[in-house]
K.L.:
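Let me give you the structure first, and then I'll get to my questions.
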Amino acid sequence: MGPFPRMHSSSHPVATVEHLSSHVGQTVTLRGWVYHKTSKGKLHFVQLRDGTGTCQCVLQRAQVGEELFEAVGRAGQESSLWLAGSVRQDARAPGGYEIDVSAGSVLQAVEGYPITPKEHGVDFLMDQRHLWLRSKRPWAVLRVRDAVITALRGFFDQRGFVCVDAPIFTPNACEGTSNLFEVPYFDSKAYLTQSGQLYAEAAAMALGKVYCFGPTFRAEKSKTRRHLTEFWMLEPEMAFATLDDVLDLAEAMLCHVVQEVLRRRKSELLALERDLSKLEAIVPPFPRLTYDEAAAILAKEQGSTFRYGDDLGAPDETLLSNRYDRPVMITRYPEQVKAFYMKRDPHNPGKVLCVDVLGPEGVGEIIGGSQREEDLDILLARLAEHKLPESYFQWYLDLRRFGSVPHAGFGLGLERTVAWICGLEHVRDASPFPRTIYRLTP
RNA sequence: UCCCCGAUAGCUCAAUGGUAGAGCGUUCGGCUGUUAACCGAAAUGUUGUAGGUUCGAGCCCUACUCGGGGAGCCA
């Protein structure tokens, strides 16, 4: 590699592509990689990618000298380099700004970068995920994902929630349903968490309003565009709260996140060819249906295989969400299709105080939440009905023995949310290094 | 676990049971305004694996491997 002084070997200040507009008329240095290059005789056009964006840099043989001109000529896609030159507004340049290069150096000349600017298949690109992240679409998605995470944390911080993270190694199934990943744990076994909720409930009794946010794992052999084996979930939990508080919180949270992404990542959304009007429509109030109301709608639909009493299937959810231009909240499902800890609805026998929030545009369930059962005896009975071993849940039952209060919360799937906001076909594209049933690498 | 689809050059894809092809990328040459440039030339193959049918299989049959989409389950 060539010399790489802390910034560069020219005396010009380092700029980033993101903030080039504030440097018009100045001479600056950009450091990055060759995203694309085309040459026409004594002229090179380099699309320099610096992580914050890409900028066209123009090299004229007569201006930059033989050595640099030839070096850039030999530098293929993703060669690393720095270039210094004056910043100029130019309508012919893709980003609107252009660098007239006067100096620079190629750090590493590369040839044979696997990802060419042509079409590639999903499997090939996922094998190259460590490199694919440099391409425009993954880059834009990761920037939106970052803004979603920042907006979520800001939202809960502003409302007085305390972040209390849950363990990833757990001794047993939180809900006793899904298949878990088993891992050796010294002389015994542990399982990777499928939800931090039970721990969040404990934290809520200690701190009032809390949320946990971390990776969760499902060993289900799901093979659809909505499933990963590892994904991030944000789970708020509130003491002294009801199902209605959950609905209001989820609605405000989703609106805040979408607003923040629109404010901070508009150019990334446009790069993803996202229809912004679909996101601008995400304002309160969200439609709220009970399970019974949803069932009545499905009963009138042709081709639906839904039977009253069943959980909603994926096609049913798509059918319902397509009726609205914003997320739809479906409450009060039959107790037999939901988890043991959900509180029964006192005004609605056989139903529980729960909610599924279905994202628009067929993205599926992005939030699942409920008011929790706070009564010790009822919870014991529910554990028995679900044939769950009481001994594993003693600490959880303590929460009902010592100052039990009504409380409620939900879980938000981060990748599904990002996929929805970005308009992605598949949740795997919302994760930097997705894990699916058949993919553990890179 | 079940259903459907697929696997041919580095990549994306063609090829009636009868000589293995194209575009892009790569390499070389040309060009002072390119946007996935263009023009000319060159190199590139264990057709996923193992059997079978046939005079002859990339193509038909069987099994397997890997992958894609969907169901169930769920965020």
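Each chain gets a letter, A, B and so on, in the order the sequences are listed, and its residues count up from 1. If you're wondering where the values come from, they're calculated on a predicted model, not measured in any experiment.
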K.L.:
Using whole Å, report how far CG of A:D123 lies from P of B:U65.
P.N.:
17 Å
K.L.:
With respect to the phosphate group of B:U1, does any side-chain polar atom (N or O) of A:K221 fall under 4.0 Å of OP1 or OP2?
P.N.:
yes
K.L.:
So, under a plain 3.5 Å distance rule, would you say the side chain of A:S222 forms a donor-acceptor pair with the base of B:C74?
P.N.:
no
K.L.:
Of all the nucleotides listed (B:C11, B:A75, B:A71), which has the minimum atom distance to the side chain of A:L228?
P.N.:
B:A75
K.L.:
From CZ of A:F306 over to P of B:G72, roughly how many Å is that when rounded to an integer?
P.N.:
12 Å
K.L.:
Is the shortest side-chain N to carboxylate O distance from A:E251 to A:R288 below 4.0 Å?
P.N.:
yes
K.L.:
Could you list by number each residue of residues 44-66 of chain A showing a heavy-atom separation from RNA chain B of less than 4.0 Å, or answer none if no residue does?
P.N.:
A:F45, A:Q56, A:Q60
K.L.:
What's A:F231 touching, base or sugar-phosphate or nothing? Going by heavy atoms closer than 4.0 Å.
P.N.:
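If one applies the 4.0 Å heavy-atom cut-off, A:F231 turns out to touch a base.
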K.L.:
If the plane angle is over 60° it's perpendicular, under 30° parallel, otherwise tilted; pick one for A:Y291 and A:Y333.
P.N.:
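Taking A:Y333 first and then A:Y291, their aromatic rings sit tilted (interplane angle of 30° to 60°).
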K.L.:
Examine the base of B:C74 for any acceptor or donor lying under 3.5 Å from a partner atom in the side chain of A:H227, and report the outcome as yes or no.
P.N.:
yes
K.L.:
Taking atom C1' in both B:A57 and B:U47, compute the distance separating them and give it to the nearest angstrom.
P.N.:
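Approximately 11 Å lies between the C1' atom of B:A57 and that of B:U47.
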K.L.:
Taking the same atom, P, in B:C74 and in B:A36, what whole-Å distance lies between them?
P.N.:
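Going atom to atom, P in each nucleotide, I get 45 Å.
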K.L.:
How is A:R428 classified with respect to the nucleic acid when contacts are heavy atoms under 4.0 Å: base, sugar-phosphate, or nothing?
P.N.:
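A:R428: backbone/sugar contact only, no base atoms under 4.0 Å.
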K.L.:
Flag the pair A:F340 / A:F393 as yes when their ring centroid distance falls below 6.0 Å, and as no otherwise.
P.N.:
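When the ring centroids of A:F340 and A:F393 are compared, they turn out to be within the sub-6.0 Å range.
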K.L.:
Please report the distance separating the P of B:G17 from the corresponding atom of B:C61, rounded so that it comes out in whole Å.
P.N.:
12 Å
K.L.:
Report the secondary structure of RNA chain B in dot-bracket form, marking unpaired bases with a dot and bases paired to a different strand with |, and treating Watson-Crick or G-U pairs with both distances under 3.5 Å as paired.
P.N.:
(((((((..((((....[..)))).(((((.......))))).....(((((..]....))))))))))))....
K.L.:
Rounded to the nearest angstrom, tell me the gap between atom CZ in A:R416 and atom C1' in B:C73.
P.N.:
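Nearest whole value for this atom pair: 10 Å.
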K.L.:
Rounded to the nearest angstrom, tell me the gap between atom CZ in A:F69 and atom P in B:U34.
P.N.:
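Atom CZ in A:F69 sits about 15 Å away from atom P in B:U34.
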K.L.:
Using whole Å, report how far NZ of A:K42 lies from C1' of B:U32.
P.N.:
8 Å
K.L.:
Using 30° and 60° as the class boundaries, would you call the ring planes of A:F217 and A:F181 parallel, tilted or perpendicular?
P.N.:
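Rings of A:F217 and A:F181: perpendicular, over 60°.
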K.L.:
Nearest-Å distance, CG (A:D311) to P (B:C73)?
P.N.:
6 Å
K.L.:
Specify the residue among A:V357 and A:A314 whose closest nucleotide of RNA chain B lies further upstream toward the 5′ end.
P.N.:
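Going by which nucleotide is closer to the 5' end, it is A:A314.
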K.L.:
Evaluate the side-chain proximity of A:D325 to A:K278: yes if any heavy-atom separation is below 4.5 Å, no if none is.
P.N.:
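SC-SC contact between A:K278 and A:D325 ruled out.
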K.L.:
What is the distance from CZ of A:R225 to P of B:G67, rounded to the nearest Å?
P.N.:
20 Å
K.L.:
Give me the distance, rounded to whole Å, that separates B:G10 from B:U44 when you measure between the P atoms they each carry.
P.N.:
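Taking atom P in both B:G10 and B:U44, they lie 12 Å apart.
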K.L.:
Could you work out the separation of B:C3 and B:U12 based on their P atoms and round it to a whole Å?
P.N.:
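Those two atoms are separated by 28 Å.
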K.L.:
Across the strands shown, which category fits A:K223 at heavy-atom distances under 4.0 angstrom: base, sugar-phosphate, nothing?
P.N.:
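Base contact - A:K223 has a heavy atom under 4.0 Å of at least one base atom.
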K.L.:
Take A:T224 and A:H227, measure what side chain to side chain donor-acceptor pair (under 3.5 Å) needs, and give me the verdict at the end.
P.N.:
CA-CA 6 Å; A:T224 80; A:H227 289 89; 2.6 Å; yes
K.L.:
Measure CZ/A:F124 against C1'/B:G25 and give the value in whole Å, please.
P.N.:
10 Å
K.L.:
OP1 or OP2 of B:A71 less than 4.0 angstrom from a side-chain nitrogen or oxygen of A:R226, does that happen here?
P.N.:
yes
K.L.:
If you assign A:T436 and A:E365 each to the RNA chain B nucleotide with the nearest heavy atom, which residue ends up on the more 5' nucleotide?
P.N.:
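The residue whose closest nucleotide sits nearer the 5' end is A:T436.
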K.L.:
When the ring planes of A:W232 and A:F213 are compared, do they come out parallel, tilted or perpendicular, using 30° and 60° as the limits?
P.N.:
perpendicular
K.L.:
For a quick test of reading the model, state the closest non-hydrogen atom pair linking A:R225 to A:E425 and the distance between them.
P.N.:
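For A:R225 and A:E425, the tightest heavy-atom pair comes out as CD-O, 3.1 Å.
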K.L.:
In terms of side-chain geometry, is the basic nitrogen of A:R439 or A:D127 positioned less than 4.0 Å from the acidic oxygen of its partner?
P.N.:
yes
K.L.:
In terms of side-chain heavy atoms of A:E317, which of B:U32, B:G25, B:C74 is nearest?
P.N.:
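When the side chain of A:E317 is considered, B:C74 is the closest of B:U32, B:G25, B:C74.
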K.L.:
Heavy atoms only, 4.0 Å cut-off, all strands: where does A:S39 land among base, sugar-phosphate and nothing?
P.N.:
base
K.L.:
Calculate, to the nearest 0.5 Å, the distance between atoms OH and CD belonging to A:Y341 and A:Q197 respectively.
P.N.:
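It comes to 4.0 Å.
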K.L.:
Looking only at N and O atoms, is any donor in the side chain of A:E98 or the base of B:G33 less than 3.5 Å from an acceptor on the other one?
P.N.:
yes
K.L.:
Would you indicate what A:G364 reaches in the nucleic acid, counting non-hydrogen atoms under 4.0 angstrom: base, sugar-phosphate, or nothing?
P.N.:
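No contact at all - A:G364 keeps every heavy atom at 4.0 Å or more from the nucleic acid.
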K.L.:
Measuring centre to centre across the rings, with the benzene-like ring taken for any Trp, is A:W395 within less than 6.0 Å of A:Y199?
P.N.:
yes
